[in-house]
Structure formats: structure tokens, C-alpha cells
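Just so it is clear, the structure is predicted and the values come from calculations on it, not from any experiment. First listed ligand is number 1; within each ligand, the first listed atom is number 1.
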Amino acid sequence: MAVMAKPREPFDLAVVGAGIVGAMVALLARRRHPEWRIVLADRSLAGHGATRYSAFLDVPLAPTPGKRALTERSRVLYDELRRELPSLPLRELPAVFVSSEGRAPRLAGEIVADRESPLRPLDAALAASLAPDGFRLPTGSVALGGVRAVRADDTLVRTLVDELRARPSTVCVEGVEVASVVGDGGGRQLLTTHDGRTWSARRTALCLGPWLGSSQPRIAGLPRKWRVKKVAALHVPIAPRSGSAVVYLADEEAFFLPQPEQRRFLFSFRSDQWDCEPDAAPLRIDPRDWSCARAIMKRYMDVVDMDLGGVVYCDAYGADAVPSVEPLDGVPGAFAVGGGAGSGFRLAPALAERALQALEELRAGGVGPEPGLRGEAAVLGREEADMFDVVADPAIADDAVTSLFDAVYVKGGYTAPAIAERLFSPASVRSRGTTLAAIGRQSGALLGAVIVVPPGNHGRQISVDGEAELHLLAVRPDARRRGVGRALVRDALRFAEARGWRRVVLSTQRQMTEAQALYAAAGFQRRPERDWTRWGSHYLAYDIELTSS
Ligand SMILES: Cc1cc2nc3c(=O)[nH]c(=O)nc-3n(C[C@H](O)[C@H](O)[C@H](O)COP(=O)(O)OP(=O)(O)OC[C@H]3O[C@@H](n4cnc5c(N)ncnc54)[C@H](O)[C@@H]3O)c2cc1C
């Protein structure tokens, strides 16, 4: 019988699974909370789950708003990490997108282009010169290019884990399986390993990759949100030229990726074999896969004499193929994080950041966030007379929030359009914390909003340790004088207080006199010593102490 060790001082964060997602959660947590004690554990070697088989391609394509938000934010975070950790094996390469003429307009809308590298049409000769030798653009197809993709290699997770190990406050253990995660009744989690060790943690992230969707889950309480699907790719023995691009075939959801180190291209294509088991007998590229892949490739090149090999494994997929953060049933403070859906490398940073936000919302004592706070709207306050509800992170269209901020800040002359474009983008708004929104009960319209930025968030302006910050309080011009702003500020303070944050700070511009009156009425104090200036605008600082801290 296993001997249960006495639990030691709790970890601030336990991350189970050291694939790209788990390693990224631990790294972002360490970056934002250097004081946290973190344990990162994997049953195998770090990076030896689905991540081991990855082509590590970040192709800038996002067919749904959910994927676009994660794609845009991940790009920003990868760029930041690359600057901070120059040893990260991330390289840029050109991307070419091919589709039928009919699909091209939709495709153009799905491509995430940078400002520096705008999307442009490519003629057939140029497209072929960037593609594998022998590639031809089929009649009736068009090519778009000019944008950059990013790729990494299989040393990525090892580099992240080495970076984590460099701090004694982070413990990385390999070859240790977590067999169960239960609540201790006081808001913490008890993790038991296969060899009977017990860890206590204030927060737990289960980043189990395809094991999240296994039909025989080892850990009880995992949400039944994901299924496991095979992911396969062929090795095509054509040596890439210098400057070869990744060629994405939009009609087939397939791509050719140059792998110059291996003197070949990787040809990735859809394999629709569902409900595989990550621990079962090794998956194979079967005759159905071969004929599907060959049929696609034949449209674009001659493959008759090629001797092809390949790579195959599996990944977890949610119904919408967008990775997510889900609470563990019956275990407050524990979340399952995953659903890479064949894009886990490229979406890992933004997914990890969302996981961290969910984990940060837990109070120091370990009490979980209100049920449904993320995803479904949680009703915080009601204004009977004015007929609106204040809700946290409501399920409303991204552009409704952006146009509200535009109407108030750009049209009001407070923010320059060029700055607003970046500041008010859905990805930027989401990454800064929780949006509280006033929604009209009859109309369902967005009347006003404010962002509550948690302590330590990267988007903070003046907050320091333990302080939350309010950003972008905005009330639609035609919904003013109905108490919308007052209700938003009141509920933002309640929201912060419920999380044990000790003080709330905010900045406002001199000419925003109505807002200043509202802050004063809510109890905020002027703090001239914290005033600041950026891009030619001067900001006045306010703060308020929260009573329960
Ligand atoms: C052939 C192939 C090509 C791909 N190409 C790309 C690509 O080009 N671009 C892209 O973005 N994505 C790609 N993907 C998808 C990508 O690899 C995955 O989405 C990503 O690796 C998932 O990362 P993860 O951390 O969620 O899972 P994993 O890497 O599987 O990590 C989960 C970890 O959890 C550990 N674990 C499980 N259970 C336990 C337990 N009970 N206790 C302790 N540890 C546990 C496992 O050992 C594993 O290391 C590809 C996938 C495949 C298979």
C-alpha cells in the first residue's frame, strides 16, 4: 500500500502536464507572480505528450472570432517572450495561402495580417517559387501572401522548463503522474501522485492535452468537454529552398511546411479518426489517411514516385475547436486547460493567460470564482428603476464593446483613433481582465462598461502590489443620467472587494469632469502624486481603500 506523506506548505500553483500549455501556464504565472511557489509535474518527460509530435507552426489563420482572439493575443505574447528569452527557438517564415477563387474573399478575412506585413495577391509563378519544387497552382485557384508565419522546434518546451527551473521557487518534476485531485474542504486542492505523495495547492491547472478527452480519465471530475482526434502529417522528401514559405491549402485545410533541417517538407492534412486513446497502441497512418493525403497532394504536384513517411498522434478537440479553461467538477480552485485541436502550440500563450486569469480570480484563501463568471454572464447587480443588469464578461459581440469605447473615447475627443485601434481591440480588452457591462433588460443592448484589471495584470497603468485598476469606464451617450456609470463603479468595487484586493486605482483626464464627480461620490480620493502623462495626454490618479482587506 502506498504511504501517504504529510502535506507540506501549499504551493501557490500546481500545474499538471508539462506540454506546451502547462509549461506556458507555469511561465506566465512565474512572470506575473514571481513570489508564487509553483510545481509543474508530468507523468512522462516534459514536452513528450502531443507536443512531441507538433510541427510547431503558427499559421496566421483564424476562421472564428474565438480563434482570432486567441491567435492575436498569442502573437503578442510570443513576441514579448521572444524579446525576454532570446534562446526561445522561434523563427519567422513567409506564408502563402491558396484557395479557389470563390473562397478567396472569405479566406482573406480569416487571415491575421500584421501592420508591417499586409496581405497581397501573389501571381502563380511567385507562389510556385515559394512552394515545394514541382508545386503548381491549380486552374481557378488564387494565392495570397505577404504575411508571416512563425515556427518553433521540439526544443521549445525544454527551453521553457529550463527557464522555470532557474528559479528555486518553481519545482519541475518529470516521471510523476498525478492520480487524483480533490478539494480539502477549505478551498485548496490535494493532489496525490501515483507513488503516494500528496501536494496541497491554492490553485491547480490540469493541462493534460489529449488525456483531457480520454474515455477512461484517470482524474475524476474532468469536464466532458473534449474528444480525442488523430492528427497526422506526411514527410515529403523535397529539400526546401532558402526562403521557402509555408503553403496553406485553404480548401483542404492542409499545408506544406518547409523543414530545412530535415531536408524535407511536412504535409499536414485532416484525419477524421475520432475517439483515439492517447495511451493505446501507437496510432498509424493508415490506408485511408494515405489515400486522402495523396488525393490532395495530386491536385498540386506529382507524387507518384515519392517514398513517403510521416508522423501521427492525437489531440483534444472541443466542439468549436477553440481551446478553453473549464472548472473541475466539485474541486474549487482547479481548472482543466486545453483542447489544442491541432493548434495547441500557436494558441498556448493566450490560453495560458486565460487560465491564469481564472486562477487569479481565486481569493488568497482559495475560494473559487462565482459559478459562470467566465463564459456565461453572471448577474452582479440590478437597477430596477433603470431596467438594466450589470454582468461580468457577458456573451455579447466583440464589436459592441469596441464601438462603445469608440463612441465615448474617440468621438468624445479623448483618445486618438490610431491609439484606440490597438487599445480597444477585443484581444486587448479581454487580456486586461473582466469587463463589467450594463445590459438593457428589454433591448439586450450594451449601455455601458468598465474593465476591472486585476493586480499584476500586464495592462496595468499605475497599480502596484495588491491594487486593482479600473479602465475605460464608458456609458453610451444616449444612456447617460440613468445611473449606469454609478452602478458600474459600485459593482466594480464589489467585484474587487470579493476577491480580497486591497485598493482600487484609476486614471482619468482633466476634462472628464462628470466622471470625476462620479468617482468622488463613490468614495475615490484624488492622488496627485500618482498623476502621469503618456502620448501627450495628462492623467489624474484616484484611489479607494476597500474595507474588507
Ligand atoms: C502530428 C501533429 C502535428 C501538430 N502540428 C501542430 C502545429 O503545427 N501547430 C500547432 O499549433 N499545433 C500542432 N499540433 C497540436 C499541438 O501539438 C497540440 O495542440 C499541443 O501540443 C497540445 O499541448 P498540451 O500541452 O495541451 O498537451 P500535451 O503536449 O499532450 O501535454 C500534456 C501533458 O500532460 C501529461 N499528463 C497527462 N496526464 C497526466 C497526469 N495524470 N499526471 C501528470 N502528467 C500528465 C502528459 O504526459 C503530457 O506531457 C500538432 C499535433 C500533432 C499530433
Side-chain angles (χ1 to χ4, degrees), residues 14-26 39-61 67 70-71 74 78 149-154 156-157 160-161 172-181 191-195 199 204-214 216-220 222 226 228-235 246 248 254-255 257 259 266-271 276 278-279 283 285 289 310-318 321 323-324 336-349 351-352 355:
V15 181
V16 183
I20 182 62
V21 173
M24 200 55 85
V25 170
V39 59
L40 171 65
D42 200 291
R43 67 207 283 269
S44 174
L45 295 172
H48 276 229
T51 302
R52 181 184 187 185
Y53 301 86
S54 181
F56 294 101
L57 172 67
D58 170 2
V59 64
L61 189 72
K67 263 207 168 144
L70 286 172
T71 302
S74 288
Y78 267 131
V150 175
R151 78 181 179 99
D153 62 41
D154 57 7
L156 176 67
V157 169
L160 295 177
V161 170
C172 302
V173 283
E174 295 170 290
V176 177
E177 176 162 352
V178 170
S180 74
V181 182
L191 291 80
T192 308
T193 64
H194 73 280
D195 54 359
W199 295 319
T204 298
L206 296 165
C207 308
L208 310 183
W211 286 269
L212 286 173
S214 166
Q216 297 126 33
R218 310 253 171 105
I219 296 176
L222 288 174
W226 297 287
V228 185
K229 187 168 88 72
K230 187 173 177 182
V231 184
L234 302 187
H235 296 149
V246 52
Y248 186 85
F255 61 79
L257 172 70
Q259 294 187 317
L266 187 86
F267 179 65
S268 169
F269 61 99
R270 266 182 79 110
S271 175
C276 326
D279 281 330
L283 287 157
I285 300 176
D289 294 326
V311 53
V312 58
Y313 195 56
C314 57
D315 203 1
Y317 284 72
S324 61
V337 185
S343 302
F345 154 67
R346 79 179 169 106
L347 304 179
L351 175 63

Handout entry: Close N or O approach (G47, ligand 1; < 3.5 Å)
Key = no
Problem - For atom 5 (N) of ligand 1, closest protein heavy-atom neighbour - result: A55 N, 3.0 Å
Problem - Test of proximity, A50 against ligand 1: N or O pairs below 3.5 Å - result: yes
Exercise for the section: Return yes or no for this condition: an N or O of V312 is under 3.5 Å from an N or O of ligand 1. Expected result: no
Fill in the blank from the handout: Of all protein heavy atoms, the one nearest atom 44 (N) of ligand 1 is R43 N, 3.0 Å
Practice task
Indicate the ring-plane relationship of Y313 and W211, choosing parallel, tilted or perpendicular according to the 30° and 60° boundaries.
Solution key: tilted
Exercise for the section: May I ask you to check if ligand 1 and V178 share an N or O to N or O distance below 3.5 Å? Expected result: yes
Practice task
Enumerate the atoms of ligand 1 whose separation from the nearest heavy atom of F345 is less than 4.0 angstrom.
Solution key: 10 (C), 11 (O), 12 (N)
Exercise for the section: Before signing off on this row, confirm whether A341 and ligand 1 have an N or O atom pair separated by under 3.5 Å. Expected result: no
Exercise for the section: Look only at interatomic distance and state if R346 has a nitrogen or oxygen under 3.5 Å from any nitrogen or oxygen of ligand 1. Expected result: yes
Exercise for the section: Please confirm whether G342 comes within less than 3.5 Å of ligand 1 when only nitrogen or oxygen atoms on both sides are compared. Expected result: yes
Fill in the blank from the handout: Counting from 1 in the order shown, the ligand 1 atoms closer than 4.0 Å to a non-hydrogen atom of V176 are 43 (C)
Practice task
Would you kindly specify which portion of A316 sits under 4.0 Å from ligand 1, judged on non-hydrogen atoms: side chain, backbone, both or neither?
Solution key: neither
Handout entry: Region of L57 engaging ligand 1 - heavy atom pairs below 4.0 Å
Key = both
Exercise for the section: Please work out whether the ring planes of F56 and F345 are parallel, tilted or perpendicular, with thresholds of 30° and 60°. Expected result: perpendicular
Exercise for the section: Using a 4.0 Å heavy-atom threshold (strictly under), name the region of D315 that reaches ligand 1: side chain, backbone, both or neither. Expected result: side chain
Practice task
Under the side chain to side chain contact (heavy atoms under 4.5 Å, CB included) rule, collect the residues that match up with S324, sequence neighbours excluded.
Solution key: K225, W226, E326
Exercise for the section: Heavy-atom contacts with Y313 under 4.0 Å: which atoms of ligand 1 show up? List them by number with element. Expected result: 53 (C)
